[in-house]
Amino acid sequence: MHDITYLWRDAFDNDAVNRLHAEAFSHALLLDDWWAQVNRHSLGWVCARRHEALVGFVNVAWDGGVHAFILDAMVAKAHRRTGVGAPMIERCAVEARQARCEWLHVDFEEHLAPFYLVSCGFSAAPAGLIRL
Ligand SMILES: CC(C)(COP(=O)(O)OP(=O)(O)OC[C@H]1O[C@@H](n2cnc3c(N)ncnc32)[C@H](O)[C@@H]1OP(=O)(O)O)[C@@H](O)C(=O)NCCC(=O)NCCS
């Protein structure tokens, strides 16, 4: 989509991210303090904006070294499959490379393999997860 801007470490309202998250992951609206969380722990994040409205968001967690991790990639339902998600992830890769990271990780459910492996250029690799 042409009128979308992708902003690295852009200021955002917690409410806007909480609304996106509730819609993206099908849960009730929460009051999480995303701003404090990502500023304290993340390499950065990307806000995808159409005019002023937040239509996409992704958090890039970091080990402090060469590994960065895509978390909570989300695009508002009304804007999905319009080409917002892939450039948002591409921006994360550009910024992580610039920060001297050597690896960008993501894990995802099987149905999103075309998005991450084809549209975003990730290689398939085994990964593990424990629900805590
Ligand atoms: C995953 C997500 C961020 C993708 O964002 P998006 O803006 O729709 O992605 P894009 O429009 O850039 O998609 C580019 C291509 O990736 C593939 N793709 C995207 N979403 C897909 C899906 N749900 N299933 C299969 N392929 C998909 C398609 O090939 C698509 O191209 P096409 O629309 O021309 O067919 C979005 O679907 C989302 O917010 N989902 C809910 C939250 C979530 O599950 N996040 C992932 C956590 S790991």
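Read the numbers this way: they start at 1 and go in the same order the structure lists the ligands and their atoms. Quick caveat: nothing in here was measured; it's all calculated off a predicted structure. No hydrogens, no waters, no symmetry mates; every other heavy atom, side chains included, goes into these values.
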Spatial distance of atom [atom1] ([X]) from atom [atom2] ([Y]) [nearest 0.5 Å]:
{"X": "Phe115", "Y": "Glu109", "atom1": "CZ", "atom2": "CD", "value": "14.0 Å"}
{"X": "Asp32", "Y": "Gln37", "atom1": "CG", "atom2": "CD", "value": "7.0 Å"}
{"X": "Leu20", "Y": "Phe25", "atom1": "CG", "atom2": "CZ", "value": "9.5 Å"}
{"X": "Leu29", "Y": "His21", "atom1": "CG", "atom2": "NE2", "value": "11.5 Å"}
{"X": "Trp34", "Y": "Ser42", "atom1": "CH2", "atom2": "OG", "value": "8.5 Å"}

Protein heavy atom under 4.0 Å of atom 44 (O) of ligand 1: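 Yes, at least one protein heavy atom sits under 4.0 Å from atom 44 (O) of ligand 1.
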Give the residue, atom name and distance (to 0.1 Å) of the protein heavy atom nearest [atom].
{"atom": "atom 39 (O) of ligand 1", "result": "Val75 N, 2.8 Å"}
{"atom": "atom 26 (N) of ligand 1", "result": "Pro114 CB, 3.7 Å"}
{"atom": "atom 30 (C) of ligand 1", "result": "Arg81 NE, 3.7 Å"}
{"atom": "atom 13 (O) of ligand 1", "result": "Phe115 CD1, 3.7 Å"}
{"atom": "atom 23 (N) of ligand 1", "result": "Leu112 CD2, 3.5 Å"}
{"atom": "atom 24 (N) of ligand 1", "result": "His111 O, 3.4 Å"}
{"atom": "atom 12 (O) of ligand 1", "result": "Ala86 N, 2.9 Å"}
{"atom": "atom 16 (O) of ligand 1", "result": "Ser119 OG, 3.0 Å"}

Ligand-residue contact atoms, ligand 1 with Val84, heavy atoms, under 4.0 Å: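 Every atom of ligand 1 under 4.0 Å from some heavy atom of Val84: 7 (O), 11 (O), 12 (O).
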Residues that, via side-chain heavy atoms closer than 4.5 angstrom, fall in one hydrophobic cluster with Leu30: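 Besides Leu30, the cluster holds no residue at all.
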Selection from Ala73, Gly83, Gly85 by shortest heavy-atom distance to atom 7 (O) of ligand 1: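 Nearest heavy atom to atom 7 (O) of ligand 1 lies in Gly85.
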Pick from His79, Arg80, Met74: the one approaching atom 40 (N) of ligand 1 most closely through a non-hydrogen atom: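 When every heavy atom of His79, Arg80, Met74 is considered, Arg80 comes closest to atom 40 (N) of ligand 1.
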N/O donor-acceptor pair under 3.5 Å between Arg49 side chain and Asp10 backbone: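 Not at all, since once roles are kept as given, no pair shorter than 3.5 Å links the two residues.
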Short N or O distance, Phe108 and ligand 1, threshold 3.5 Å exclusive: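 Between Phe108 and ligand 1 (N or O atoms, distance only) the closest approach is not under 3.5 Å.
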Side chains of Tyr6 and Ile89 in contact at under 4.5 Å (non-hydrogen atoms):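 Of all side-chain heavy-atom pairs linking Ile89 with Tyr6, none is under 4.5 Å.
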Ligand 1 contact on Val118 by region, counting heavy-atom pairs under 4.0 Å: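 Neither; no heavy atom under 4.0 Å.
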Region of Tyr116 engaging ligand 1 - heavy atom pairs below 4.0 Å: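 The answer is the side chain of Tyr116.
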Test item, Asp107 contacting ligand 1 (heavy atom, 4.0 angstrom):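 Yes, Asp107 has a heavy atom closer than 4.0 Å to ligand 1.
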Within the 6.0 Å centroid threshold, strictly below: His41 and Trp62: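 Here the rings of Trp62 and His41 have centres that are no less than 6.0 Å from each other.
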Distance-only side-chain donor-acceptor flag, Asp72 / Asn59, under 3.5 Å: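 Note: Asp72 and Asn59 side chains miss the donor-acceptor criterion.
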